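These numbers come from a predicted model, not from an experiment.
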Amino acid sequence: MTRSSPQLTPPLIDPSAAAQPALAVSGIRKRYGDREVLRDVTFAVPEGEVFALLGPNGAGKTTLIRILTTLVRADGGTARLLGHDVVRDRARVRELISVTGQYASVDEELTGRENLVVVGRLLRLGKTAALRRADELLEEFDLTTAAHRRVGHYSGGMRRRLDLAASLVASPPLIFLDEPTTGMDTRSRAALWNVVTRLARGGRTIILTTQYLEEADVLADRIAVLDGGAIVASGTAAELKRRVGRETVELVLDDGTVIRSVTDGNPERVRLLLNRLHSEGRHVRTLTVQNPTLDDAFLALTGHTSATAPTDKEPAR
Amino acid sequence: MSTATLPTELVFAKRSITRSLRDLDSLVTAVVAPVAIMVLFVTVFGAALDSTVGGSYTDYVTPGVMLLCAGFGAALTATSVHTDVSKGFVQRLRTMPVRASGVIFGHVLASVLRNLASIVIVLLVAVALGFRPTATPLEWLGIVGLLTAYVLVFTLIAAAWGLASKSVESAGMFSFIALFLPYLSTAFMPADNLPGFLRGFAEHQPVTLVTDALRGLATSVPDSTTLTRSLLWLVGLGVGATLLTARLFDRAARS
């Protein structure tokens, strides 16, 4: 056995690697048959950041995650996690990542606690340590009262939380969440968002994919918009909104007339508008300023809303 | 307090065993079915068949029931293996610093233990119904070895089947094969009564050979030809199934 034991705290990064980003992706390409799934995908994620890959179904999100988590090889390009190549150093990479997929890969016949203990023992923790770690995670993920219930009796949201907990037994510094809330109801989604926010505060680097704009907006420090296998834009949510963004001012006059005007964020234009109305003797009843939403940004960047996106299914797993 | 780490394979085996103990299907298959089948064969067919087999039908049928129950139990491995691959568990393992193939080993070990337990249950019921083996300790050792090998080989074939299956339903189909194979052998009745081509199959298929070898050992008249042939069958099938399982697992894990 030459395998090193899992670390319960994020491993120290050797000084030579200190300047490296947590994740550096460069020119990744992948094709399935004659379908180009990923085209020259390049981005970097600094340590401690929550990074969202936002895109409709079939954009290539899952394929990209599978490449980054050593499950699939890219046709071209490189990806390095904390300096380790996902192909050449995949054994090391697997010690640094946690992956939670779109469905819960937990055992229904076992209890929540048993599921976590199995993972702990697979990671070569002793029995006592595995139990302790399981209890910590159950507490952290609000599953303590369900610890001794079989997972078969869990709700969908509880299962997904347990699945996420199972991926975190080893406390890896890089967390991949592939559409963590797809198919969840609003309450479970909020609960999971809380968990992700807490993990982020703990200094982990989190890479998540989502087709929900709101999710990216709430959780991510930075967002890359993936469409048709290529990154079409990236930046903070505010930057993306600004990029397409026109602030609009909506005025409702006394006689019920509605005036909409694009301001480019320049207050001077609003003043001129109001002056003109005043000189015409018309009275403004209400004034509202509307900022672009991420939906607007998405529509402008990809030419379709996330809801109406072409649903080219990603290849079967 | 324990800080000892378990080898990956044993963690997987423990998981598989816990799962089968929790699963009503596999528990019924492992415990209730052996009792029911043994009682059924002896009480329903026993009296009528004593003359056909030329002796005590209980003595005749016990090895066959052992193989039927063990094979049927081993067939469940197809479903458990398939589920682990299709529901993302293997996928998760492949992103962890863990030898993912250990999961198959775990299922195989669990199946061997579970089905040896079934065999012991069959044996106890058989003895209660009048089974009187006359084997020497060495012959008993042979019986245990042969049964273990049979369960192991059958489990490996089931694992390969489960990996090759496209759905849980087709994985479950292996149970039918496990159920019918002993009926097309001399496990419950001599082959003389079977129509031509089935008879040829029944006389040479591994279940017949293993059954005959077990009967020989149990009654202290071991037949070295049957024994050798059944071992050759088991080794051949075992090696083939292992290679196939390894290859299919690689393919399934990569897809």
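Of the two parts of A/R150, only the side chain, counted from C-beta on, holds a non-hydrogen atom closer than 4.5 Å to a non-hydrogen atom of chain B. If you measure heavy-atom distances from A/A130 to chain B, you find no contacts under 4.5 Å at all. Neither the backbone nor the side chain of B/L10 comes within contact range of chain A; no heavy atom of the residue lies under 4.5 Å from a heavy atom of that chain. Within the 4.5 angstrom heavy-atom criterion, atoms from both the backbone and the side chain of A/S167 approach chain B.
No more than 12 heavy atoms of other residues, nucleotides or ligands lie within 6.0 Å of CZ in B/F176, so this atom counts as exposed by the packing criterion. The environment of CE in A/M184 is crowded: more than 12 heavy-atom neighbours from other residues, nucleotides or ligands sit within 6.0 Å.
A/R94 has its side chain within reach of B/R94: a pair of non-hydrogen atoms, C-beta onward, lies under 4.5 Å apart. Annotation: side chain of B/R19 is in contact with side chain of A/L110 (closest heavy-atom distance under 4.5 Å).
Closest of all the heavy-atom pairs between A/T111 and B/R22 is N-NH1, 4.1 Å. The heavy-atom pair separating A/A166 from B/R92 by the smallest distance is CB-NH1, 3.4 Å.
With respect to chain B, the highest number of heavy-atom pairs below 4.5 Å among A/E109, A/R90, A/R73 belongs to A/E109. For the options A/D107, A/T70, A/I97, A/T69, heavy-atom pairs under 4.5 Å to chain B are most numerous at A/D107.
How far CG of A/L122 is from CZ of B/R99: 11.0 Å, rounded to the nearest 0.5 Å. Atom NZ of A/K127 sits about 9.0 Å away from atom CG of B/L6, to the nearest 0.5 Å. Taking CG of A/L123 as the reference point, atom OG1 of B/T8 lies at 9.0 Å (rounded to 0.5 Å).
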